[in-house]
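These notes concern the structure reproduced below.
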Amino acid sequence: MSHFTCVSRIFSYSVLVTHSIPVVDMVGVGLNATDTIIRLPHFPAFNSKVEFRVCEVHPGGQVASAVTACSRWGLKARYVGKIGDDSYGKLQRAEMKKSRIEAHWAIAPDCQSQSSFILVDEQTGERTVLWKRDARLELLPEDIQKEWVIRSRLLHLDGHDCAAASAAARWARGAGIPVTADLDNLYPGVEVLLESVDFAIVSREFPGRLLQEDNLFQSLPRLAQRFGCKLAAATLGEEGVLAWDGSKFHYSPAFDIKPVDTTGAGDIFHAAFAFGLLRGDKLPDLLAFSCAAAGLSCTGPGARGGIAPVDKIEQLVRQAARRPAAYSEKKLRAAGKVK
């Protein structure tokens with residue numbers, strides 16, 4: 001065992017290097033962000049003034065928040081991402097350390113880390129995101145070591161830096177490690193990335209943008225077939241989630257929860273999906289657990305303020321009411337037969 005201090009792109013602190021990198025339950029490769037949450041009594045009209053209630057700074061980012069949730073639920077977690085050498089970057093490093101996550105950072109000098117201003121309407125809990133990401137924050141394939149990926153039981157990605165994500169996904173696929181992806185936009189290279197994704201859980205709009213087909217009963221099977229995904233699913237916000245497993249549709253309505261702040265709900269849904277997948281949950285239970293985790297995440301501030309303990313999530317699944325179903329069992333069966 002040797003000890004050294006890294007001062008280049010990957011680490012900003014001293015590390016112990018052993019002959020074998022430890023195996024973790026899950027590794028996340030992707031975005032982190034620092035969110036300034038501005039709570040408003042109502043969303044402002046154009047050319048108006050509104051006094052805000054509270055302004056707070058919280059850590060966020062799709063993959064970083066998902067990894068944090070999994071760590072809080074007891075999984076051994078690893079994170080790979082990129083930051084600037086500013087106060088926001090220091091916040092991200094501190095939060096990962098506090099959460100006992102093995103973090104590997106590429107650092108862009110003289111660069112501001114990704115940040116967002118998020119306007120939260122207190123009447124509904126819905127949010128509007130204003131974000132900025134310097135092009136120098138792009139995570140590159142050479143920023144990732146293969147061992148960080150293959151020494152894990154699951155890889156979770158987003159589609160923002162597709163070249164790096166695709167490299168990681170190919171390594172995972174070659175090692176027989178399941179790959180989950182949180183995709184919400186058509187970033188360059190996303191189709192190449194999808195070829196190595198096992199569980200594609202996307203935004204409601206993503207399949208239509210990619211395949212020019214807005215009907216999810218048509219686009220989700222096409223997505224799975226074209227790219228060879230084991231599961232293609234779309235999160236539907238307050239309507240829950242719709243999934244295609246290659247032979248039938250599965251639908252889980254959202255839970256009836258009064259939201260305080262919907263920031264990061266999708267991130268926590270993906271975290272819960274990864275968590276449940278690793279413990280061997282059956283798909284219907286897995287979708288319900290993920291919806292419950294996402295719903296509870298909306299009861300706290302910011303992307304991570306509402307991460308609930310596993311027992312509280314499971315209690316919600318057992319006892320809480322659901323929102324009205326967007327699709328009937330009859331509709332799901334009929335749509336599945338058409339495929």
Side-chain angles (χ1 to χ4, degrees), residues 2-18 21-35 57-72 75-116 131-152 154-169 171-172 182 187 264 267 270-271 274 302-304:
S2 59
H3 181 275
F4 66 94
T5 300
C6 294
V7 293
S8 59
R9 297 165 55 186
I10 303 300
F11 298 97
S12 61
Y13 45 82
S14 298
V15 294
L16 289 175
V17 176
T18 64
I21 294 175
V23 175
V24 295
D25 295 306
M26 69 96 71
V27 57
V29 176
L31 282 185
N32 63 84
T34 300
D35 301 330
V57 177
H58 294 280
Q62 285 169 253
V63 169
S65 293
V67 170
T68 299
C70 286
S71 178
R72 291 188 190 178
L75 297 185
K76 294 180 181 179
R78 176 180 295 136
Y79 173 73
V80 183
K82 197 162 191 174
I83 50 176
D85 56 353
D86 60 348
S87 59
Y88 289 162
K90 291 178 181 177
L91 173 64
Q92 293 294 335
R93 295 198 298 269
E95 287 296 321
M96 288 291 175
K97 184 176 182 180
K98 186 169 101 174
S99 297
R100 304 181 65 83
I101 294 167
E102 178 194 321
H104 300 270
W105 301 102
I107 301 175
D110 301 317
C111 180
Q112 179 177 313
S113 302
Q114 180 168 337
S115 61
S116 304
W131 63 277
K132 175 67 176 177
R133 188 174 192 240
D134 193 297
R136 291 173 292 174
L137 291 172
E138 179 183 3
L139 189 69
L140 302 173
E142 53 264 36
D143 293 326
I144 311 171
Q145 292 185 20
K146 183 178 180 179
E147 291 297 311
W148 298 340
V149 174
I150 64 173
R151 300 287 290 174
S152 71
L154 179 144
L155 170 65
H156 179 56
L157 305 161
D158 59 47
H160 284 259
D161 298 324
C162 282
S166 296
W171 290 332
D182 176 1
Y187 296 101
D267 310 340
H270 286 84
R304 306 177 192 175

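- Counting all heavy atoms, side chain and backbone alike, Ser99 lies closest to Thr68 at OG-CG2, 3.8 Å.
- Here the shortest heavy-atom pairing between Ala66 and His156 reads CB-CD2, 3.9 Å.
- When the shell of 6.0 Å around CZ of Arg100 is examined, it contains 12 or fewer heavy atoms from other residues, nucleotides or ligands.
- Residues His58 and Arg304 fail the side-chain proximity criterion, which asks for heavy atoms closer than 4.5 Å.
- Scanning both residues, Ala303 and Asp267, for their nearest heavy atoms gives CB-OD2, 4.4 Å.
- Remark: side-chain polar atoms of Asn32 are not paired, donor with acceptor, to backbone N or O of Gly61 under 3.5 angstrom.
- Using modelled atom types, one side-chain atom of Arg136 and one backbone atom of Asp110 make a donor-acceptor pair closer than 3.5 Å.
- The line from CG of Asp86 to OG of Ser115 is 8.5 Å long, rounded to the nearest 0.5 Å.
- Looking only at distances, a side-chain donor or acceptor of Tyr79 sits under 3.5 Å from a matching main-chain atom of Gly30.
- Counting heavy atoms from C-beta on, the side chains of Val63 and Val29 never come closer than 4.5 Å.
- Rounded to the nearest 0.5 Å, atoms SG (Cys70) and NZ (Lys76) are 15.0 Å apart.
- Between the side chain of Asp85 and the backbone N or O of Cys111 there is at least one donor-acceptor pair closer than 3.5 Å.
- Arg78 contributes a side-chain N or O that, together with a main-chain N or O of Pro22, makes up a donor-acceptor pair within less than 3.5 Å.
- Between the OH atom in Tyr187 and the CG atom in Asp161 there is a gap of 9.5 Å [rounded to 0.5 Å].
- Under the 3.5 Å distance criterion, the side-chain polar atoms of Asp25 are left unmatched by any main-chain donor or acceptor of Leu75.
- Of the possible donor and acceptor atoms, one in the side chain of Arg151 sits under 3.5 Å from a partner among the backbone N and O of Ile21.
- Counting only distance, with no hydrogens or angles, the side chain of Ser71 and the backbone of Val67 share no donor-acceptor pair below 3.5 Å.
- Between Asp143 and Lys82, the closest side-chain pair of non-hydrogen atoms falls below 4.5 Å.
- Shortest non-hydrogen contact noted between Ala168 and Leu157 is CB-CD2, 4.3 Å.
- If you take CD on Gln112 and CG on Leu137, they are separated by 8.5 Å, rounding to the nearest 0.5 Å.
- Remark: the His160 side chain and the Gln62 side chain contain an N/O donor-acceptor pair separated by less than 3.5 Å.
- The two residues Leu155 and Ala172 have their closest heavy-atom pair at CD2-CB, 3.8 Å.
- Of all the heavy atoms in Ala274 and Leu154, the pair that sits closest is CB-CD2, 3.9 Å.
- Between the side chain of Asp158 and the backbone N or O of Leu31 there is at least one donor-acceptor pair closer than 3.5 Å.
- Rounded to the nearest 0.5 angstrom, Asp182 CG and His270 NE2 are separated by 3.5 Å.
- Between the OG1 atom of Thr34 and the NZ atom of Lys90 there is a distance of 13.0 Å, given to the nearest 0.5 Å.
- Panel note: side chain Ser152, backbone Val149; a donor-acceptor pair is recorded below 3.5 Å.
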